[in-house]
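Quantities reported herein were computed from a predicted structural model and do not represent experimental measurements. The chains referred to below are lettered A, B, ... by the order of the sequence lines, with proteins before strands, and numbering in each begins at 1.
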2 protein chains.
Amino acid sequence: MGFFTCDEGVKLNLRERTIGTTVKRNKRVTATDVAEAAGVSRSAVSRAFTPNAYLDAEKRSHIMSTALRLGYRPNALAASLQGKRSNLVAVAAGGMNNLYNAEFTAMLVARLNAAGKWPIVIGGSEAVLEEAILPVLSYPLDALIVRGSSLSKQVFEDCAKLNIPLIFSGRIIEATFADCVSCRNADGTAQATRQLIAKGRRHFGFIGGPEGLSSSNDRLTGIRQALSEAGLELTALAQSDYTYEGGRDVAGKLLSDHHIDALLCANDATALGALSVARYGLHRQVPQDLSIVGFDDIAQASWPEYDLTTLRNPLDQTIEEILRLLQERLTDPGKPNEQVYIDPQLVQRGTG
Amino acid sequence: MGFFTCDEGVKLNLRERTIGTTVKRNKRVTATDVAEAAGVSRSAVSRAFTPNAYLDAEKRSHIMSTALRLGYRPNALAASLQGKRSNLVAVAAGGMNNLYNAEFTAMLVARLNAAGKWPIVIGGSEAVLEEAILPVLSYPLDALIVRGSSLSKQVFEDCAKLNIPLIFSGRIIEATFADCVSCRNADGTAQATRQLIAKGRRHFGFIGGPEGLSSSNDRLTGIRQALSEAGLELTALAQSDYTYEGGRDVAGKLLSDHHIDALLCANDATALGALSVARYGLHRQVPQDLSIVGFDDIAQASWPEYDLTTLRNPLDQTIEEILRLLQERLTDPGKPNEQVYIDPQLVQRGTG
DNA sequence: ACAGTAGATGAACACGTGTGCAGTTATAGT
DNA sequence: ACTATAACTGCACACGTGTTCATCTACTGT
């Protein structure tokens with residue numbers, strides 16, 4: 001087979017290996033195999049893969065070349081039994097049909113990889129997510145990162161008992177056992193609302209996200225606050241599911257039922273759907289007759305066919321904070337919990 | 001603290017762990033802990049979590065309740081040392097800026113979760129990906145699933161030596177050590193091209209993907225074949241990077257430099273960019289003056305503002321095959337390798 | 001009454017690794 | 001030449017789990 005010499009090939013074939021007297025099923029190459037092949041002790045093999053360990057330089061390079069030839073690689077799981085970090089991090093990604101969540105997860109995964117942390121991603125709908133997380137806790141995780149969605153108390157408690165640090169994003173958790181990083185949602189939408197009022201808008205509508213999500217609620221709060229400052233009230237309120245299709249449907253009905261000249265959406269996907277149905281379905285002039293503003297600043301928002309005015313929910317900054325929190329929590333598990341707030345920025349484009 | 005009494009806390013030390021006196025450091029709850037708390041042997045605890053193991057029913061329920069109280073959960077890694085499956089699957093996701101890859105990964109993750117397999121996702125650019133995969137091979141993976149991108153020979157060989165099954169998607173691998181499932185790319189583009197010819201198109205352009213990707217090459221082959229059947233030749237050929245932005249840039253130049261009335265793109269993201277620049281940048285009438293056809297049928301293709309004619313690269317079918325291959329490979333590791341081909345379908349919409 | 005069997009139980013081993021410990025060798029310092 | 005120290009090495013243990021094995025109990029069938 002190329003990487004085994006002939007006499008070894010007798011004992012070492014692809015189907016089964018004979019070690020001592022016992023015949024084993026073909027499994028991973030182990031440190032013992034390398035030790036036998038290199039004619040050294042197993043300890044030496046382990047030390048060869050441990051930086052700064054006492055080991056003769058020549059012996060080390062001999063071991064490493066033998067390991068390379070056999071395709072040996074220390075089993076990270078067996079190592080984790082020795083108190084080493086597993087470097088596994090579970091990531092509960094919110095619904096991926098929310099385009100921001102998709103961008104978020106992609107970037108988080110890339111940054112974790114660059115930091116030598118390996119994300120076990122849990123996706124799917126929120127209902128499935130809850131059930132899927134529990135079995136993942138069977139692995140010795142360095143941490144659990146939760147994006148957006150809400151989880152039951154049982155998961156929290158199990159994490160605490162298993163000593164798995166929790167990091168939340170997109171949702172402020174009042175709990176004392178979790179770090180979290182979130183956007184100042186109300187500040188953002190208040191700012192956007194004031195700007196629209198200054199432009200002469202008076203009849204406001206809002207399309208929120210799934211029931212009970214604090215991100216959506218907070219964004220609504222900001223709008224109401226800015227409106228009341230100007231002596232105005234919200235004209236129309238509707239609820240959707242943070243998706244493009246949901247935005248289309250809900251906005252179509254809302255724009256038909258109410259006379260409004262400014263529509264704020266709880267996220268960009270919803271706003272894109274609303275923009276689509278306003279322009280192509282209802283033939284409204286945006287932004288002449290109607291302003292539409294989103295939240296997040298996903299990639300599509302800047303595409304010329306949309307050119308969506310929105311509030312940037314800074315992705316890189318948020319993820320950088322998550323990695324910082326993760327790092328600090330691992331180096332000092334007793335550190336008090338942190339709540340980090342990120343400021344959104346109004347991105348003025350062509351829809352409002 | 002919770003489940004430790006005070007006097008135990010005196011001896012509690014961050015470095016050491018005394019088993020005899022039930023003093024433990026800040027780590028996972030273990031089967032021994034549960035055994036002591038429940039007053040049974042550790043074997044009994046292990047059996048309580050093993051279906052169909054001999055264990056008194058009353059004892060079992062007692063163990064389970066104390067386990068629940070302590071938050072115990074068998075360590076999957078330690079279990080995998082006993083020959084149990086780790087249920088970990090590495091997923092090398094192609095570049096996430098390719099929207100199809102993002103959809104693909106999201107769906108694959110969800111389906112794997114539903115099947116009780118936990119994906120370690122490796123993302124980022126292709127250059128990073130290669131380096132990131134190697135350390136992930138330190139975990140005892142059930143399989144490695146590779147989407148789209150190409151990997152070096154070293155990764156293949158290491159997987160073979162470590163006995164990790166390989167499953168490719170989106171790229172046909174001639175190797176004998178990997179299963180793969182791919183789309184009949186050439187058939188798809190040939191079909192689309194014939195239809196465009198029938199509609200009177202004569203001057204064809206093609207924007208491909210990254211250099212050397214077989215998916216892009218195959219799609220070009222199909223076009224050339226259908227053209228030559230009709231005695232035609234390709235008018236313009238350009239290369240991009242499978243992204244929306246890349247599609248915009250390359251199509252802008254290509255449409256300015258050449259007179260063409262039909263533009264086929266190697267994927268939908270590219271086609272959306274091309275459509276955008278054609279309509280909003282160059283003010284071309286699509287489909288009156290110019291037909292544009294994509295490949296994949298991502299979610300955005302069906303949005304009314306695009307209404308993109310494209311070739312559906314069936315996501316669910318592809319992923320279903322991947323899971324089938326995975327399942328079969330795990331139950332019968334000696335099974336000969338399979339190459340599965342999926343038929344694309346022409347989705348006739350408004351752009352060509 | 002007795003053998004036979006099924007159920008239940010804990011001790012002990014195996015899995016693959018990192019590392020403390022004790023022992024050996026080489027090198028430097030006086 | 002002698003000592004102190006550093007470099008090196010292998011044995012043995014620990015990590016948390018599943019499972020075999022021998023042992024023990026309880027029950028069934030004749």
Side-chain angles (χ1 to χ4, degrees), chain A residues 17 19-36 38-63 67 70 72-87 137-141 162-163, chain B residues 15-20 24-36 38-63 67 70 72-87 137-141 162-163:
Chain A
R17 290 177 303 151
I19 291 182
T21 58
T22 59
V23 178
K24 325 197 312 179
R25 172 102 189 81
N26 186 19
K27 293 191 77 177
R28 264 181 102 90
V29 183
T30 134
T32 308
D33 300 337
V34 178
E36 286 182 2
V40 298
S41 75
R42 194 189 58 73
S43 301
V45 177
S46 182
R47 275 189 254 268
F49 283 86
T50 307
N52 304 326
Y54 284 138
L55 189 61
D56 183 69
E58 191 182 355
K59 196 179 215 175
R60 168 172 254 136
S61 76
H62 174 53
I63 292 175
L70 297 184
Y72 170 73
R73 198 175 298 274
N75 184 332
L77 296 203
S80 86
L81 282 183
Q82 306 299 324
K84 294 287 172 196
R85 299 235 114 90
S86 73
N87 287 326
L137 298 182
S138 301
Y139 300 91
L141 304 173
L162 292 169
N163 214 38
Chain B
R15 297 291 265 166
E16 71 184 61
R17 166 197 175 94
T18 314
I19 294 180
K24 21 188 269 179
R25 69 175 273 212
N26 219 4
K27 287 195 79 176
R28 258 182 107 89
V29 184
T30 145
T32 308
D33 300 335
V34 178
E36 288 183 2
V40 299
S41 75
R42 195 190 58 74
S43 301
V45 177
S46 181
R47 276 190 256 268
F49 284 85
T50 307
N52 305 328
Y54 284 137
L55 188 63
D56 182 68
E58 191 182 355
K59 196 179 215 173
R60 169 172 254 140
S61 76
H62 174 52
I63 292 175
L70 297 185
Y72 170 73
R73 197 175 298 274
N75 184 332
L77 296 203
S80 85
L81 282 183
Q82 306 298 325
K84 293 287 172 198
R85 299 235 113 92
S86 72
N87 287 325
L137 298 182
S138 300
Y139 300 91
L141 304 173
L162 292 169
N163 215 36

Please report the distance, rounded to the nearest Å, between [atom1] in [X] and [atom2] in [N].
X: B:Arg60; N: C:dG7; atom1: CZ; atom2: P; answer: 13 Å
X: A:Ile63; N: D:dG10; atom1: CD1; atom2: C1'; answer: 12 Å
X: A:Asn163; N: D:dG16; atom1: CG; atom2: P; answer: 13 Å
X: A:Asn75; N: D:dC15; atom1: CG; atom2: P; answer: 18 Å
X: B:Glu58; N: C:dG7; atom1: CD; atom2: C1'; answer: 15 Å
X: B:Leu81; N: D:dT17; atom1: CG; atom2: C1'; answer: 8 Å
X: A:Asn87; N: C:dG18; atom1: CG; atom2: P; answer: 13 Å

Considering only heavy atoms from C-beta outward, does the side chain of [X] approach that of [Y] to under 4.5 Å?
X: A:Val40; Y: A:Ile63; value: yes
X: B:Asn75; Y: A:Ser138; value: no
X: B:Thr32; Y: B:Glu36; value: yes

Looking only at D:dG18, C:dG18, D:dT17, the nucleotide nearest the B:Lys84 side chain is D:dG18
Compare side-chain N and O positions of [X] against OP1 and OP2 of [N] and report whether any pair is under 4.0 Å apart.
X: A:Tyr139; N: D:dG16; result: no
X: B:Thr32; N: D:dG16; result: no
X: A:Lys59; N: D:dT9; result: yes

Is the backbone of B:Arg42 close enough, under 3.5 Å, to the side chain of B:Ser46 for a donor and an acceptor to pair up by distance?
-> no
For A:Thr50 and A:Ala53, indicate whether the former's side chain and the latter's backbone hold a donor-acceptor pair under 3.5 Å. no
Please determine whether any donor N or O and acceptor N or O are separated by less than 3.5 Å between the side chain of A:Gln82 and the base of C:dT19.
no
Between A:Tyr72 and A:Ala31, the two heavy atoms sitting closest are CE1-N, 3.3 Å
Original post:
Taking atom CZ of B:Arg73 and atom OH of A:Tyr139, what is their separation to the nearest 0.5 Å?
Top reply: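 Reported value, rounded in 0.5 Å steps: 12.0 Å.
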Requested in this report: Under 4.0 Å from any atom of DNA chain C, heavy atoms only: list the residues of residues 40-56 of chain B that qualify, in numerical order.
Outcome: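 Within this stretch, B:Ser41, B:Arg42, B:Ser43, B:Arg47, B:Tyr54, B:Leu55, B:Asp56 sit under 4.0 Å of the strand.
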